[in-house]
Structures are given as structure tokens and as C-alpha cells.
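One structure, as C-alpha cells, below. Some questions next.
Per chain, numbering begins at 1; letters A, B, ... match sequence-line order. In what follows, every heavy atom counts, from backbone to side chain, and hydrogens, waters and symmetry copies are set aside.
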There are 2 protein chains.
Amino acid sequence: MSEAEPSTAPLVGLAAAILAATLDEPRVLTVPVADQPEGRTEGLPAGPLEPAHPTLERGLRAWVERQTGQSLGYVEQLYTFGDRDRRRGGKGDVGLHALSVAYLALVREARPAADSAWQSWYRYFPYEDRRAGRTDDLDAIAARLAAWAEAASSPEARRRRGDRIGLTFGAAGSGWNEERVLERYELLFEAGLVPEAGADLDVSPLTGRPMAHDHRRMLATALGRLRGKIKYRPVVFELMPPAFTLGQLQRVVEALSGILLHKQNFRRLVAHQGLVEETEAVTAETGGRPARLMRFRREVLLERPAPGLRLPSNRTG
Amino acid sequence: MSEAEPSTAPLVGLAAAILAATLDEPRVLTVPVADQPEGRTEGLPAGPLEPAHPTLERGLRAWVERQTGQSLGYVEQLYTFGDRDRRRGGKGDVGLHALSVAYLALVREARPAADSAWQSWYRYFPYEDRRAGRTDDLDAIAARLAAWAEAASSPEARRRRGDRIGLTFGAAGSGWNEERVLERYELLFEAGLVPEAGADLDVSPLTGRPMAHDHRRMLATALGRLRGKIKYRPVVFELMPPAFTLGQLQRVVEALSGILLHKQNFRRLVAHQGLVEETEAVTAETGGRPARLMRFRREVLLERPAPGLRLPSNRTG
DNA sequence: GGGTAAATGCTCATATTGAGCATATACAGG
DNA sequence: CCTGTATATGCTCAATATGAGCATTTACCC
């Protein structure tokens, strides 16, 4: 972003959360960012909207390609952020607006280019990875959040904070809801448990590393959206190679959603929905009986109203 | 919107699809718009983002209040449109961008103020109202769309157009999907069956009346989002009075979704989910046995992960 | 008192889920 | 060759959820 201009029109930026999944790790493409507070040295590919850009999305693709060399396939607009990180106008209190239109992109290949890098997205949200089954990290976060709730001024406010903690981090009957990524991040933000909100950098092992600007918020939005979308749209296949085993597919879904699934039920679901079809090939792979290679059945888009992976139960199997 | 300024920064507008439901009719709040092509005299409340606005949403609320006197309750960002209706720069081909951040708002009361007016939203999308059970309107649209598909240059393109028609207007196994409001509108747009895309105004009885700028597209986005959202979030209650009967609730849901529901199953669903609780009162109402008045059970938000009205079957009952 | 119009209560057959048990087929080692 | 170990696959079973109706109850209108 360049220096301030003598205009009342807002600056409009474009930013992309570019996601991929390699092995069992979900990734996000980051670029180095200078001139930021301590520890916030990574950001999402981003750049200002320019008059030469025919559309917002085309502008985004141009910036991403320029900064990372990556060309995008599936792209979807996420949200327009305009409330924070406002640009200072000149002197007064009232700054000019700096909007950011954030996008979600899904890609297959993961070859880093230029000085961009693929990072596990759980680097920024460690607590979103529930696959290990441990709960000590959540317990630690819960303790800090409880303290924050207690610190509220009125009993009413305490109750509201407590409800919100239960709702987002799971305590009431609802339990953990993997889609509420943004709500959890915003709660941690308000509770002052992330560096962006004034916390010390050493909360990072617990609440994750910060990003430049408000990019961590954008990434949280992207994860939540993706986790929701795989349930009713076959977007996972944007992340898979042309041929894959059901085990691989499951492991990618688990990596994205951060929870473990019941194996037999997962394959029943995939089969029942007609999301995939068998190929001739099988693969030796890791250990165990060879698995049949499958491919995405594109026709499913015409057959079902909402073809997706309505995540079955969690738990292993 | 004011005149062009000597800057390369884009203009950013804010627009709101403010929805309500009175009786059996879903409504949208419109304002008169001048300087538009024939027939496009209505638009959504909208105005430019100004430096004085602390946030996008606050700016939106300010504009709506100024133009319609309506104060907003539930507000949610929908989408940022930037590709069409671009502002001409000075002479050349390359114009400056004109972005519009569109919002969805839900309100209860429906008292029009200033020169704004509540309109049934099926005025703009008549074919989205499937409650009557007739299909002659869809047949007529299907015929025109079929002609458009036939007019494609290659067999491949014809097939793709046909698939898309089936997917959006329902033909294949999928049938009518009430959420695909935007996809249907965009298909009609591309097929040149709406005035905004060059069609004559007399297609309006079939494909609906146009709006100023790209506001009809925004409204379509809002309807689709709302129709989807009532299934997993209790947003309908934003449109209901504090106390209501299950019959009224059902009629509002039907009005929003444009389809009829099975009465007994609907009430079973609402009850099972714990979305409402009984009050002491009953009401005489129209004809028939008096109905118990219910109220929204706010606690459901803490109990269920996705409390909503997963629309049961259609058909009457 | 009879007819009409909801509002409610219940039943039943069919899917859809959540959890497991049991088998099949590789590979690594001894 | 035989024994684990690690997946991949097949199937079963109980608990729910969903789609369609039938039957009653309780007003209001003639």
C-alpha cells in the first residue's frame, strides 16, 4: 500500500487466503511483511485495487500471481473488512477508510515461489486442531477465558461472557463446533489473549502466532467458511489430486475440519452421495491392504441439491 | 452519489436489503431513484461510505435512517459488488471502480417513512414464489431459456447451458431449490431475459421488475442468503412479533422460502428443536380453533449448534 | 345443530445416523 | 512359512429423523 493521498475516497485492498492440503496438514500461502509490530512478519498475499483491474477477482488473481507465482483455481469472496486497521488521514482523529476485500482460494499444488511460503494453518490457530484428542490446550485457554469473564463489571456481563465462551469453545450441550473459527478468534481477541490485542507474544503456543494487519482475522474467516462449505458443496476435491483413496480423502477432510471421523461411516457417506467413482487402479501406499483409487464424480453436481460431506460423528473408529 | 472526483481511489457505496414480513407477504424496503433507464425507478436504500462513518455497518445504518427513517436491528454483510456498473473515469475505456458493499437487514415493524415504500419482494422475482402450486410461469420461463440454450454456438455450450438451466430452475433429479435465487437471476440476466440485460420491460410479469443500478442482484443475494440461513440460525424470529402462533410462524417461513410446508411436521420440528415455548395466552384469530401464542426461546442458542428450520417437505397438508 | 376452518395429537413406514464387529490383504520380521 | 500390525472393506443393529396421513378438538357462522 502506498502513502496517503489527498482524497476522501477510501483505499481498497484485496487479500487472499490461499489454502491447500498436503499430506495430513492443511496449509496457507503466506508472504513476508515488513513494518509490523513484533512477531507479525507473515501475511496473506495482498495488494491495492487498481484502476487497471477489470474486476475485483481479476485484481486479486493478478496480485497473487505477482507476489507468489501461484495461479488460482477456485476463488470465492469472503468478506469485506473495514472496521479495523484504519489509515490515519493526516493529523486528526478521523482517518480515511481502508477497506479490504478478502477472498478464499483453493489450490492443489504446493510449490512455494518467490519468498512466499506454505505454512500449516494451525500455526495461527493451534487450538483449532482437535485431531490429537488432547484437551490440555483447551483447558488452558478455558482457564484464561474464565478469568476474563470473571473480570467483567456486572453479573449480567459475566453471564454473557460465560455463555459466549461456552458457545464458541464448547461447554454447554453443544460441544465443539468446528465451524466457529472466527467467533473463537474474536473472543480471544476481545479477551486480550492474542498479540494483536495487546497480549504478549508468548501466548502464541496457546492461541497461535499473529499475522500482519488483520490477516489472521481473514484467515479465521476463510477456515470457518471452508469448514462449513465442505458439508454441502464438493469443494474438498479442489484440494485433492485427480485420483485418491478414500483414506486420503478422509485424512484431508479431517485435517481441514480439525476433527477425526468414523472411518466406515465416512466411506458410506461418500459412496451413498455418489461423490466419487472407482478407477481401475489400486495403490500400495503406506501399510495395510492396498486401497482402490477413486476420482471425483463431477455429475453429482447435477444430481444432488447439496452434495457434500455432512461430517458424520467424530471419534476414531 | 456525488460527481466524479480527481482521484484513482474507488468510490465505495453501501446498500441495504431491508426485509420484513407482514401477513403472508415478504417485503423489502425501497426508495425512489431518478436518472435511471426506463422502469428502474426503485432501488435499495444506499449511499457512499464517508470518512465520518466509524465502521461500514455504522455508515450503512446512518444512510438507511436518513433515507427511510427505519432503524435497523439484525444486520449482516452480504457481498461486495465491484464488477458491474462501473463509473466512467473521464473519457477513456478504463473507469474508476465503484464498489458496493451490500447488507442484509431484518426488521419487524413495517411503517414506511419519507418516500420509501415496502414492496413485496416477489414483485422483483415473481417466479420465486412457488406457493400457489401453478407452474405455467416456470414453463414459460423454461421455454425462453431453452431457446437461449439452443442458440449457443457449440453442442458443448448447449449442453452446459442446459445443465445450468436444470440445476437452477430444477429439472434434473434435484427439483426446485429455493436457495438458488441469485443463480436463477444471473441465468436470466445472461439469457437476456431481464430489462437490465437488454430485454424489453414487458418481460416483467414473467421475470420481475428491474431495480436501479445492480440492486436487483443485491436483493437476489439477500433472499438466497436468508432462505439458507433460516435453516440453521433462528433468524425468522427477527421478523416475528414477540408472541405468535405456530400457524403464523409457518406462514412467514413459507412466504420467505416461497414453498409450502407440511403443517404437522413443521410444528413437530419447531417443538423438537426447542425453538419456541408456550405462553399462557391463546388467540381467536381467523377461523378455526384458537391457537396458543408462542414466544422464541432464546436459550436455544446455547443448547443447539445450529438451531433453525431445516425445511421439511413441501406439499400442503 | 350442522358445516367449515384451523390447531393439535398420534401413528407408521422409510431413510439417515452413530457405533461396532468381522474379514481381507498388504508388509515387516523372525 | 507364520505372526503381528495396519489399513481397506463389508455388514449389522439400534436410535433418530423425516415424509405422509388419519383422527380429534374447539372456535365461529348460519
From CD1 of A/I259 over to C1' of C/dG18, roughly how many Å is that when rounded to an integer?
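Atom-to-atom, A/I259 to C/dG18, this comes out as 14 Å.
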So which one's nearest nucleotide on DNA chain C is more toward 5', B/Q248 or A/P290?
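It is B/Q248 whose nearest nucleotide is closer to the 5' end.
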Quick one: does any side-chain atom of B/R304 pair with a main-chain N or O of B/L301 as donor and acceptor, under 3.5 Å?
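No, B/R304 side chain to B/L301 backbone: no donor-acceptor pair under 3.5 Å.
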Nearest 0.5 angstrom please: B/W118 CH2 to B/Q70 CD, how far?
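Rounded to the nearest 0.5 Å, the CH2-CD separation comes out at 5.0 Å.
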Output yes when at least one side-chain N/O atom of B/R267 is less than 4.0 Å from OP1 or OP2 of C/dA7, else no.
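Looking at the OP1 and OP2 atoms of C/dA7, neither is under 4.0 Å from any side-chain N or O of B/R267.
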When the distance from NE2 of B/H262 to P of C/dC10 is rounded to whole Å, what number comes out?
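The answer, rounded to whole Å, is 15 Å.
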Starting from C1' on D/dC11, measure out to NE2 on A/H272 and report it in whole angstrom.
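Checked: the NE2 to C1' distance equals 12 Å.
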Is A/R268 touching bases, backbone alone, or none of the nucleic acid, heavy atoms closer than 4.0 Å?
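Counting heavy atoms under 4.0 Å across all strands, the contact made by A/R268 includes a base.
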Using atom CZ of B/R304 as one end and atom C1' of D/dA17 as the other, report the distance to the nearest whole Å.
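Checked: the CZ to C1' distance equals 11 Å.
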If you check the B/R289 side chain, which of C/dT8, D/dC22, C/dG18 turns out closest?
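Of the candidates, C/dT8 comes closest.
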So, the side chain of B/Q250 versus the backbone of B/R267: is there a donor-acceptor pair under 3.5 Å, distance only?
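No, B/Q250 side chain to B/R267 backbone: no donor-acceptor pair under 3.5 Å.
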Is the backbone N or O of A/T168 less than 3.5 Å from a side-chain atom of A/R184, with the two atoms forming a donor-acceptor pair by type?
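Flag set: sc A/R184 to bb A/T168 pair under 3.5 Å.
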Taking any heavy-atom pair under 4.0 Å as a contact, classify A/G288: base, sugar-phosphate, or nothing.
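A/G288: base contact, heavy atoms under 4.0 Å.
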B/Q264 side-chain proximity, nearest of D/dA8, D/dT26, C/dT8:
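Of all the options, the side chain of B/Q264 is nearest to C/dT8.
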Return the value, rounded to whole Å, for the distance between atom CG of A/N265 and atom C1' of D/dT16.
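Taking CG of A/N265 and C1' of D/dT16, I get 14 Å after rounding.
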Could you tell me the separation between the CZ atom of B/R310 and the C1' atom of C/dT16, rounded to a whole number of Å?
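So the CZ-C1' distance, B/R310 to C/dT16, works out to 14 Å.
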Write down the distance between CG (A/D24) and P (D/dT7), rounded to a whole number of angstrom.
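Atom-to-atom, A/D24 to D/dT7, this comes out as 11 Å.
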Distance, rounded to the nearest Å, where B/E278 contributes CD and C/dA7 contributes P
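The answer, rounded to whole Å, is 14 Å.
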Give the intermediate values and the outcome of side chain to side chain contact (heavy atoms under 4.5 Å, CB included) for residues B/I141 and B/L188.
CA-CA 9 Å; B/I141 289 178; B/L188 292 177; 4.0 Å; yes
Within the pair B/K263 and C/dA7, is there a side-chain N or O less than 4.0 Å away from OP1 or OP2?
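Answer is yes, contact under 4.0 Å.
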